[in-house]
Every structure is written in structure tokens, then in C-alpha cells.
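Data block below; observations after.
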Amino acid sequence: MELKHIKHIFREYDIRGLIDLEITDDFVYSLAHALSQLFLEAGQNRILLGYDTRKNSAHYHNILAKTFAENGLHVISLGMIPSPCLYFAVHYLQIKAGVIVTASHNPSQYNGFKIWLNECTINKQEILSLYEKITKLSLTKNKQNIQKGFIGYHDIQTSYTQKVLENIPHLNCKVVIDGANGSAGNLCVDIFRKAGAKVIPLFCDEQENFSNHEPDPTNPKNLKTLCQKIMQEQADYGIALDGDGDRVVLVDNNGRILKSDELMSIFIHHYCKTMNNPLFLLDVKCSQELIKEIIQKNGKYVLCPTGHAILKRNMIQTQAIFGGEFSGHFFHADNWYKTDDGILTAIRAIAILQNNNNSLTHYPNWLQNKSFFSSDEIKIPCPENLKQEKLQIIIQLIENKYSPQAQIIKIDGIRVLLENAWFLVRISNTSPTFTLRFEANEKEVFEKLQNEIIQLVQENI
């Protein structure tokens with residue numbers, strides 16, 4: 001199959017592209033055959049399969065299921081589910097292979113596939129091996145001697161709900177849950193109601209076109225209605241999920257949107273209080289203030305490249321109790337499976353706050369410092385085929401300028417630590433952009449640094 005024109009959809013952590021232009025029925029059919037090879041070569045003949053709310057997701061699920069069965073694989077369909085339910089099912093049912101049809105937080109014109117094999121979602125090398133398998137695929141092979149597999153169905157959401165609610169106290173609070181019309185909203189509402197919370201659902205009906213806003217909770221413009229609803233209902237918390245429920249953003253009762261590293265502070269306080277020297281995983285976009293907090297509380301940390309698949313693998317390979325990245329993925333090892341889960345993160349964070357008679361307005365402590373300035377993630381467009389080349393040029397320019405007086409970390413782009421400030425320049429693994437972050441203890445330093453580095457990047461793209 002000719003795939004050169006869409007090689008870019010085989011991304012760092014998953015496969016994701018435009019419906020009907022890049023993700024077509026023929027492509028899904030070929031992918032299903034390549035995945036069959038991958039799973040059988042790994043000794044897996046039972047496959048978990050789910051899908052999200054997007055256009056064609058159920059249709060692509062059906063193509064995958066039929067083709068898997070034709071290739072002798074036994075398919076257990078989980079139906080429409082959020083991605084964390086697939087991750088839970090892998091462990092709960094002890095079936096170490098799975099696919100969910102989803103494009104996560106992307107706009108409605110996208111679809112894609114997240115793939116689990118053995119202990120984790122597959123990595124970049126395995127995704128590229130799928131690309132190679134598809135390009136070499138021959139579908140003329142005689143399959144008369146292959147015994148067909150079965151296609152069955154399993155309701156995983158009941159077991160998932162019971163597990164999430166383990167050790168969660170009765171919640172005496174009012175929450176607004178923005179499901180972004182994705183696959184996690186209704187399940188999140190049900191779980192919080194079972195925990196005792198008063199829930200106001202917002203955009204929790206499932207829609208293929210996400211008509212109310214894009215399913216990306218890290219973009220503040222997508223949370224305007226949620227913030228208004230919190231104030232209108234005098235709710236204690238707002239919860240914003242992405243399209244497939246593996247990411248979450250929390251909002252306090254004043255409509256303040258917590259950055260992801262600010263939300264991590266809740267778990268860092270909790271585990272540093274209840275454990276000796278707990279280990280945390282953070283991605284390179286996280287605040288230096290968060291790192292200081294971990295050190296001050298006698299915790300330990302490992303800084304990781306950005307990416308939910310990368311953090312999943314590091315959670316498995318280390319003794320970390322908790323991990324988080326700035327894009328809203330949070331990973332739990334405490335009575336969980338070291339996977340990312342938006343619903344679990346939200347209910348555990350609120351339970352921790354309730355147990356300590358705190359609210360989101362108290363976290364994190366460093367926000368009380370009025371001389372602390374922090375940017376959101378800043379995105380600068382760059383053609384996909386030029387990102388790596390341009391990054392190396394920009395890294396060299398930044399090193400030449402800052403290396404004498406700064407600590408430089410190059411595990412994912414370049415993170416530069418100055419005396420009272422830091423910044424990050426890296427390329428996105430999911431879009432044709434550079435991503436930047438800045439923090440400083442003085443407004444003048446913050447603005448000057450931000451202007452200089454943005455200009456440097458723009459001039460060299």
C-alpha cells in the first residue's frame with residue numbers, strides 16, 4: 001500500500017489523521033492486517049477493542065473487529081469507552097493487547113488509534129514498524145487454513161467504576177463536569193454521583209462533531225462556559241475532560257483554571273505527607289517551582305520527555321508513585337496501574353482536598369507569591385517536515401547565548417535554567433508546532449525573556 005504521503009500520521013504515541021483524507025476505510029483495513037501481524041508475533045491472540053464518539057469511530061471499530069477475527073484473533077469489544085477504560089481492562093481482564101479508535105483532544109475532523117501491547121501503549125519505533133508492515137502488506141495471501149476468531153462484548157465500565165471508587169470517601173461537594181461531548185462525560189457524572197457529589201453535567205451528551213467546543217481542556221477558550229457555570233451554580237469544583245477522558249483540567253470555585261503542574265501539587269503534598277521520600281515523574285514542561293516543592297518536602301523526582309507513552313513506560317520502569325505532564329495526563333501507581341486517567345485524577349484530587357479541609361484555591365503554595373510569573377504553553381507553527389532540522393538550529397543558538405550562565409537540559413528540546421527564571425523550547429509530537437514555556441520571579445525578566453526567545457524561534461523557523 002502506498003503510504004508515503006501520510007507517513008506523518010504515524011506519530012510519537014499513536015496514529016492520528018484527517019478523516020476521509022488520511023484515515024480511510026482502506027487504510028483502516030490495511031492497519032488491521034498489520035496490527036494482526038504485530039499482535040500474533042507478540043504472542044497475543046485476544047484483543048480488546050473500543051472506540052470514542054467521533055465520526056466513523058464505530059465504523060472503524062467494526063472494520064478492525066472483522067479483520068482481526070478473519071486473521072484468527074479473538075476480539076473482545078468494550079464498546080464506546082474513554083481510553084482509561086481500555087487501560088483498566090488490559091489489567092483487569094489480563095489481556096495484554098488492545099486498540100481504541102480515538103483522536104483524543106483533536107478537533108472533530110480527526111480520528112486515530114491508540115494501541116496497547118504487553119505492558120504499555122506502543123512506542124514510536126513500534127508505530128513506525130506498523131508503517132513498514134503496511135507498506136509491505138500483501139492481502140492476496142490464501143487464508144483458507146486460518147481459523148477465524150470470535151467477536152464478543154464485555155461491559156468494562158461497571159468494574160472500572162467500582163475500582164475508581166475504592167477508598168474514595170463520601171464527597172460532600174457540588175461539581176460541574178464538562179465532558180466536551182466526548183466518551184468520558186457521562187461515565188464521570190455517574191461516578192461522582194455514586195460518590196455522593198451533587199453534579200451539574202455540561203456537554204456530557206456524546207456528539208461526533210463536538211459542537212460546543214473542541215475537546216481540548218488545556219485551551220482556556222474551551223472552558224469559558226464551564227467557568228461561567230461554576231459561578232452561576234456556586235459550585236465547589238469544575239472538571240474538564242478531553243475527548244477520550246485520559247486528560248483532565250480542574251477549575252476552582254472562583255473560575256480559576258489550574259495549570260496541570262499546579263494540580264500535581266495536590267498529589268505531591270499528599271504523598272510527601274503519607275510516604276517517605278516518594279518519587280514523582282514530571283515532564284519537561286512542568287514548573288521549576290514544582291521541583292522546588294518536591295525537594296523541600298523530601299521527595300524525589302525524575303524529569304522526562306513529554307509524552308503520555310513515555311511517562312507510562314517510566315512509571316513501569318521506576319518506583320514512582322505519581323507522574324504528570326503539563327498537557328493534563330496524570331499517572332497513578334497507588335492502587336492503580338501506572339496509567340493516565342482523567343476521571344480517577346479528578347475524584348482523587350477532590351477527595352484529598354476534602355480530607356484535608358482544603359479547596360483548590362489553596363494550591364499551589366507558590367501562587368501566593370505575587371512576584372511569580374508563568375506562561376501557558378505557547379505554540380509557534382512550523383512545517384512538520386522541518387521541525388527537527390529547525391530545532392537543532394535553535395538549540396545551538398540558545399546554547400551559544402545562555403550556556404555560560406545557565407544549566408541546560410536537552411532531554412526533549414532545550415530547557416534553560418537561569419538564576420531566577422527558566423524557559424523551554426521543544427517541538428510538539430502531535431502537531432506541526434514548536435511549544436514554549438516561560439517562568440520568572442520578576443515581571444520585567446519574564447517579559448524580556450519571553451519576547452527574546454519567541455523572536456529567536458520565529459526568525460529561525
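Residues E377 and K285 are paired through a salt bridge, judged by an N-O separation under 4.0 Å between the basic side chain and the carboxylate. Contact check on R313 versus E119 returns no salt bridge, with no Lys/Arg side-chain nitrogen under 4.0 Å from an Asp/Glu carboxylate oxygen. Of the charged side-chain nitrogens involved, at least one lies within less than 4.0 Å of a carboxylate oxygen, so that K259 and D376 count as a salt-bridged pair. Residues K229 and D178 are not paired through a salt bridge, judged by the lack of any N-O separation under 4.0 Å between the basic side chain and the carboxylate. Between R426 and D412 there is a salt bridge, with a side-chain nitrogen of the basic residue lying less than 4.0 Å from a carboxylate oxygen of the acidic one. E442 and K448 are not joined by a salt bridge, as no carboxylate oxygen comes within less than 4.0 angstrom of a charged side-chain nitrogen.
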Side-chain atoms of residues 85-100: list all donor-acceptor pairs with protein atoms under 3.5 Å, sequence neighbours left out, distances to 0.1 Å.
| from | atom 1 | to | atom 2 | distance (Å) |
| --- | --- | --- | --- | --- |
| H91 | ND1 | Y87 | O | 2.9 |
| Y92 | OH | S159 | OG | 3.4 |
| Q94 | NE2 | H91 | O | 2.8 |

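With hydrogens and angles left out, the side-chain atoms of D205 and Q207 include a donor and acceptor closer than 3.5 Å. W422 and E439 share a side-chain donor-acceptor pair at under 3.5 Å. For N429 and K124, the side-chain atoms include no donor-acceptor pair closer than 3.5 Å. A donor-acceptor contact closer than 3.5 angstrom is absent between the side chains of N172 and K198. For the residue pair E208 / T53, no side-chain donor-acceptor distance below 3.5 Å is found, with atom types taken as modelled. H329 and D283 share no side-chain donor-acceptor pair at under 3.5 Å. Between the side chains of D52 and T102, a donor-acceptor pair is found at a separation under 3.5 Å. E399 and S403 share no side-chain donor-acceptor pair at under 3.5 Å. Inspection of the D334 and Y271 side chains reveals an N or O donor paired with an N or O acceptor under 3.5 Å. Side-chain contact, T161 with T158: no donor N or O sits under 3.5 Å from an acceptor N or O. Between the side chains of E293 and S265, at least one donor N or O lies within less than 3.5 Å of an accepting N or O. Side chains of E166 and Q162: a donor-acceptor N/O pair is absent below 3.5 angstrom, by distance only. A donor and an acceptor atom, one from each side chain of T345 and H332, are located under 3.5 Å apart. Side-chain contact annotation: S57 with N111, donor-acceptor N/O pair under 3.5 Å present. Side-chain contact, S77 with H61: a donor N or O sits under 3.5 Å from an acceptor N or O.
A 4.5 Å side-chain heavy-atom check between I409 and L417 finds at least one atom pair inside the cut-off. Side chains of V425 and I398 form a contact here, defined as non-hydrogen atoms less than 4.5 Å apart. Side-chain atoms of D190 and K194, non-hydrogen and from C-beta on, do get closer than 4.5 Å to each other. The shortest distance between side-chain heavy atoms of V248 and F330 falls below 4.5 Å.
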- Item | Criterion side-chain contact (heavy atoms from CB on, under 4.5 Å) on L35 and L130, from CA distance to verdict | CA-CA 7 Å; L35 282 168; L130 274 176; 3.7 Å; yes

- Report the C-alpha separation of L436 and I454 in whole Å, then their side-chain angles, then the decisive distance to 0.1 Å, and conclude whether the side-chain contact (heavy atoms from CB on, under 4.5 Å) test is met. CA-CA 8 Å; L436 289 66; I454 289 174; 4.0 Å; yes

- Message: Evaluate S108 against K55 for side-chain contact (heavy atoms from CB on, under 4.5 Å), listing each step before the verdict.
- Response: CA-CA 7 Å; S108 59; K55 178 186 175 185; over 6 Å; no

- Give the C-alpha distance, both sets of side-chain angles, the deciding distance and a yes or no for side chain to side chain donor-acceptor pair (under 3.5 Å) between Q288 and R415. CA-CA 11 Å; Q288 196 65 25; R415 180 175 171 126; 2.7 Å; yes

- What's the verdict on side chain to side chain donor-acceptor pair (under 3.5 Å) for Q232 and Q228, showing C-alpha distance, side-chain angles and the deciding distance? CA-CA 6 Å; Q232 177 187 330; Q228 290 168 359; over 6 Å; no

- Applying side-chain contact (heavy atoms from CB on, under 4.5 Å), run through N335 and R348 and close with a yes or a no. CA-CA 11 Å; N335 195 31; R348 285 191 172 183; 3.9 Å; yes

- Task: Let me see the working for Y237 and F192 under ring pair (Phe, Tyr, Trp, His ring centres under 6.0 Å), right down to the final yes or no.
- Result: CA-CA 12 Å; Y237 305 100; F192 267 84; 8.7 Å; no

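Cation-pi geometry between R437 and F326 is satisfied (NZ or CZ under 6.0 Å from the ring centre, within 45° of the ring normal).
For the ring-ring contact (aromatic ring centres under 6.0 Å, His included) criterion with F267, the lone passing option out of F280, F331, F322 is F322.
Within a 6.0 Å sphere centred on OH of Y301, other residues, nucleotides and ligands contribute 12 heavy atoms or fewer. Heavy atoms of other residues, nucleotides or ligands lying less than 6.0 angstrom from CD of Q405 number more than 12.
For Y51 and F113, the ring centers are positioned 6.0 Å apart or more. Ring centers of Y363 and H269: under 6.0 Å apart, within the cut-off.
The backbone N or O of Q125 sits less than 3.5 Å from a side-chain atom of N123, completing a donor-acceptor pair.
Partners of S104 by side-chain hydrogen bond (donor to acceptor under 3.5 Å, both in side chains), not counting sequence neighbours, listed by chain and number: D242, D244. Partners of Q296 under the side-chain contact (heavy atoms from CB on, under 4.5 Å) rule, at least two apart in sequence or in another chain, are K292.
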